[in-house]
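In what follows, a single structure is set out as structure tokens and then discussed.
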Amino acid sequence: QVQLVESGGGSVQAGGSLRLACAASRTLSDYVVAWFRQPPGKERELVARITSGGNTNYVDSAKGRFTIFRDNAKGMVYLQMNTLKPEDTAVYYCNVKRDISIVWTPEYWGQGTQVTVSS
């Protein structure tokens, strides 16, 4: 079992950048890790994911602007967000699963970290 803590959110002007961090209580070398976001009044959306082998994918709106990367030895996964837009405003969460699992880990949803982008 792992524990996850999100950090790095804040308020930024449109066009700015933030780097979010997901800290785990153990190494994540055998896990798929993903960042999700939930804007006010909307459903949670998967933004970016990275497999145990380092393969990544992104929601279309994030392609070319966001990068997910990991440091397995430190139990850290990051989301670098550049050229931020007001529509990126949301609470951002991370979660993990095994490669063979079809579900994320419900009990690992935390408080997330708030990202606010103003125009």
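Count residues from 1 along the sequence. Because the structure is a prediction, the values reported are computed rather than measured.
Take S118 and apply the side-chain hydrogen bond (donor to acceptor under 3.5 Å, both in side chains) test, not counting sequence neighbours, and it matches Q13. With sequence neighbours left out, the side-chain hydrogen bond (donor to acceptor under 3.5 Å, both in side chains) criterion links N57 to no other residue. In terms of the salt bridge (charged side-chain N to carboxylate O under 4.0 Å, His left out) criterion, residue partners of D30 (sequence neighbours excluded) are, by chain and number, R98. Taking K63 as the reference, Y58, D60 meet the side-chain contact (heavy atoms from CB on, under 4.5 Å) condition, with sequence neighbours excluded. Annotation: side-chain hydrogen bond (donor to acceptor under 3.5 Å, both in side chains) contacts of Q80 (sequence neighbours excluded): N82. Annotation: side-chain hydrogen bond (donor to acceptor under 3.5 Å, both in side chains) contacts of R70 (sequence neighbours excluded): N72. For the side-chain contact (heavy atoms from CB on, under 4.5 Å) test, residues two or more places apart in sequence or in another chain that qualify with V115 are L18, L20, M81, Y92, V117.
Side-chain contact check for F66 versus L84: some heavy-atom pair is nearer than 4.5 Å. Contact check for W35 versus V77: side-chain heavy atoms found under the 4.5 Å cut-off.
Within the hydrophobic cluster formed by Ile, Leu, Val, Met, Phe, Trp and Tyr side chains joined at under 4.5 Å, directly or through other members, W109 is accompanied by V32, F36, L46, V91, Y93, W104. Hydrophobic cluster membership for Y78: F69, M76 (Ile, Leu, Val, Met, Phe, Trp, Tyr linked by side-chain heavy atoms under 4.5 Å, directly or transitively).
Residue L28 holds its CG atom at 14.0 Å from NZ of K74, rounded to the nearest 0.5 Å. In this structure, R65 CZ and S17 OG are separated by 10.0 Å, a value rounded to the nearest 0.5 Å. Here CG of L79 is found 8.0 Å from OG1 of T67. Values are rounded to the nearest 0.5 Å.
The two atoms that bring S119 and A14 nearest to each other are CA-CB, 4.3 Å, heavy atoms only. In plain terms, the two heavy atoms of V33 and V96 that are nearest each other are CG2-CG1, 3.8 Å.
Residues in residues 14-100 take part in these disulfide (SG to SG under 2.5 Å) pairs, two or more places apart or across chains: C22-C94. Legend: salt bridge (charged side-chain N to carboxylate O under 4.0 Å, His left out) pairs involving residues 34-44, not counting sequence neighbours, sorted by first then second residue: R37-E45, R37-D88. Sorted pairs that involve residues 25-58 and meet disulfide (SG to SG under 2.5 Å), not counting sequence neighbours, are lacking altogether.
In terms of modelled atom types and a separation under 3.5 Å, the side chain of S101 and the main chain of V103 share a donor-acceptor contact.
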